[in-house]
Amino acid sequence: MPVENTLEQLRSTSLQELEECTSKLELEEWRVKYLGRKGHVTGLLRKLKNLEPLEKKIFGSQANQLKGFLEERLVLAEGKLMAEETLAIGENDRIDVTRPGRLINVGGYHPLTKIRREIEEAFISMGFQVVEGPEIEWDHYNFELLNIPKNHPSRDIWDTLWVDYRNERGERNMLLRTHTSPMQARIMEQEEPPIRVIVPGKVYRYEATDRTHEWHFHQVEGLAVDKGITFADMKGTLYEFARKVFGSERKVRFRCDYFPFVEPGVDMSIDYLAPGATTHDWLEIMGAGMVHPKVLEGVGYDPEEYTGFAFGIGLERIAMLKYGIDDIRLFFDNDLRFLRQF
Ligand code: FA5
């Protein structure tokens with residue numbers, strides 16, 4: 001085929017194919033096919049060396065022009081493709097600022113966390129510090145240092161979950177703490193008076209559950225030890241706590257109670273109208289009392305020099321009273337319909 005025809009044909013077929021390219025990959029394949037080292041245009045230029053000098057000159061220049069022309073068209077085609085891609089991205093990602101936003105589910109605090117913080121605030125404002133202690137405890141701290149010797153009937157007050165472990169004497173002496181009171185002994189062992197601390201934490205009991213009893217729940221222990229602390233200090237502190245958390249109108253009741261580690265011992269209840277009930281009742285929220293001299297001696301304090309008071313508040317009970325919740329088990333069901341109310 002004469003060279004001019006070949007040039008013309010190359011021009012029209014290559015341009016047509018260039019038109020049909022719709023991606024960068026196709027454009028690159030097109031470039032290799034026509035302008036690459038083994039491409040049609042380059043091949044044609046190589047063949048020119050067999051022509052007569054004049055023909056070589058004419059067609060050489062035409063072939064070079066075609067090469068330059070196709071290179072330009074390739075750049076244009078690449079530019080067009082890029083513009084189309086940019087436009088497509090804009091179409092897909094366009095932001096409609098007038099559309100109403102989607103509601104985001106923000107997590108909230110568990111009601112018990114809220115109450116714990118509120119109780120902490122109340123005591124911090126009265127000069128107490130917050131400390132924490134272990135949930136797995138030794139019999140020594142949970143019972144013995146609290147004036148509850150082995151085989152003493154008062155142990156029955158706390159139905160205990162024992163850890164499957166025995167010491168070298170074969171005794172089972174590790175347990176899930178039944179109350180936060182073991183921290184009384186741990187703190188006094190390490191610190192010198194004056195002491196004023198509260199200890200929030202989880203406790204466990206081998207107990208049947210009902211509306212007001214759980215087998216795992218939270219307490220906030222309190223301990224104040226110094227020279228000259230009296231029962232009146234304890235009453236004043238606990239009334240102030242009740243006033244801060246429940247308001248000054250709420251009725252509070254103290255009654256005598258027995259705990260081996262205090263003398264005298266009391267419990268405190270709050271006036272309670274259960275949801276749906278018509279008559280008021282009392283809900284016990286804490287045990288308290290003056291630290292027993294034997295407990296002070298056990299940790300190396302002189303009971304003639306120091307006195308103190310201690311208390312253990314049931315956190316779930318406070319939350320039930322504050323939020324009008326009539327079943328303690330709701331706190332641990334993880335039902336979002338319940339948790340979202342707070
Ligand atoms: C004690 O646990 C003592 N350690 C409290 C104490 C501390 C007395 C310091 C004296 C000095 P008690 O078993 O009564 O006491 O529990 C204290 C509070 O925890 C109760 O008043 C109640 O509010 C809460 N409570 C007790 N048992 C349960 C239970 N099964 N479920 C939910 N709350 C409970």
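Counting starts at 1 for both ligands and their atoms, in listed order.
Ranked by closest heavy atom to atom 9 (C) of ligand 1, the top entry among E221, R317, H292 is E221. By heavy-atom distance, the residue among T178, I270, I285 lying nearest atom 23 (O) of ligand 1 is I285.
In this structure, T212 has a heavy atom closer than 4.0 Å to ligand 1. Residue contact check for ligand 1: W158 places a non-hydrogen atom closer than 4.0 Å to it. Contact analysis leaves E316 out of contact with ligand 1, as no non-hydrogen atom separation drops below 4.0 angstrom. At a 4.0 Å cut-off, at least one heavy atom of S181 sits close enough to ligand 1 to count as contact.
Between the side chains of Y323 and Q341, no donor-acceptor pair of N or O atoms lies under 3.5 Å. No side-chain donor-acceptor contact under 3.5 Å links H179 and Q219. A donor-acceptor pair shorter than 3.5 Å cannot be found between the side chains of K33 and H40. For S269 and E284, the side-chain atoms include no donor-acceptor pair closer than 3.5 Å. With hydrogens and angles left out, the side-chain atoms of S12 and Q16 include no donor and acceptor closer than 3.5 Å. Side-chain contact check for E189 and Y141: at least one donor-acceptor pair (N or O, by modelled atom type) lies under 3.5 Å.
Both cation-pi conditions hold for R11 and F69: the charged atom is under 6.0 angstrom from the six-membered ring centre and inside a 45 degree cone around its axis.
Near M286, with a cut-off below 4.0 Å to any heavy atom, the atoms of ligand 1 are 21 (O). For ligand 1 and V262, the ligand atoms under 4.0 Å from any heavy atom of the residue are 10 (C), 11 (C). Close approach of ligand 1 to H213 is summarised as follows: ligand atoms under 4.0 Å from at least one heavy atom of the residue are 29 (C), 30 (N), 31 (N). Residue F261 approaches ligand 1 through these ligand atoms, each under 4.0 Å from one of its heavy atoms: 3 (C), 4 (N), 6 (C), 7 (C), 8 (C), 9 (C), 10 (C), 11 (C). Shown in contact with Q184 at under 4.0 Å from a heavy atom are these atoms of ligand 1, numbered in order with element: 9 (C).
Residue-level proximity to ligand 1 for E207 is carried by the side chain, the only part with a heavy atom below 4.0 angstrom. The part of H179 lying near ligand 1 is the side chain, judged by heavy-atom distances below 4.0 Å. Neither the backbone nor the side chain of W215 has any atom closer than 4.0 Å to an atom of ligand 1 (non-hydrogen atoms only).
In this structure, the protein non-hydrogen atom closest to atom 32 (C) of ligand 1 is I328 CD1, 3.4 Å. Scanning all protein heavy atoms for the shortest distance to atom 24 (C) of ligand 1 gives G314 CA, 3.7 Å. Shortest contact from atom 6 (C) of ligand 1 to any protein heavy atom: G287 O, 3.5 Å. Among protein heavy atoms, atom 19 (O) of ligand 1 sits closest to Q219 NE2, 3.3 Å. Of all protein heavy atoms, the one lying nearest to atom 12 (P) of ligand 1 is R205 NH2, 3.9 Å. Among protein heavy atoms, the minimum distance from atom 20 (C) of ligand 1 is reached at E284 OE2, 3.4 Å. Atom 7 (C) of ligand 1 has G312 N, 3.3 Å as its closest protein atom, hydrogens excluded (heavy atom only). Among protein heavy atoms, the minimum distance from atom 25 (N) of ligand 1 is reached at F217 CE1, 3.4 Å.
Aromatic pair F143/F261: ring centres not closer than 6.0 Å. In summary, the aromatic rings of H216 and F332 are positioned with their centroids under 6.0 Å apart.
Ionic pairing of K56 and E52 is not present here: no N-O contact between side-chain nitrogen and carboxylate oxygen is shorter than 4.0 angstrom.
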Candidate pair I195 and Y301, rule side chain to side chain contact (heavy atoms under 4.5 Å, CB included), full reasoning | CA-CA 12 Å; I195 288 172; Y301 287 4; 3.1 Å; yes
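Ring geometry for F311 versus F309: interplanar angle under 30°, hence parallel rather than tilted (30 to 60°).
Of the options L223, V262, V225, V299, a side-chain contact (heavy atoms from CB on, under 4.5 Å) to Q184 is made by L223 and by none of the others.
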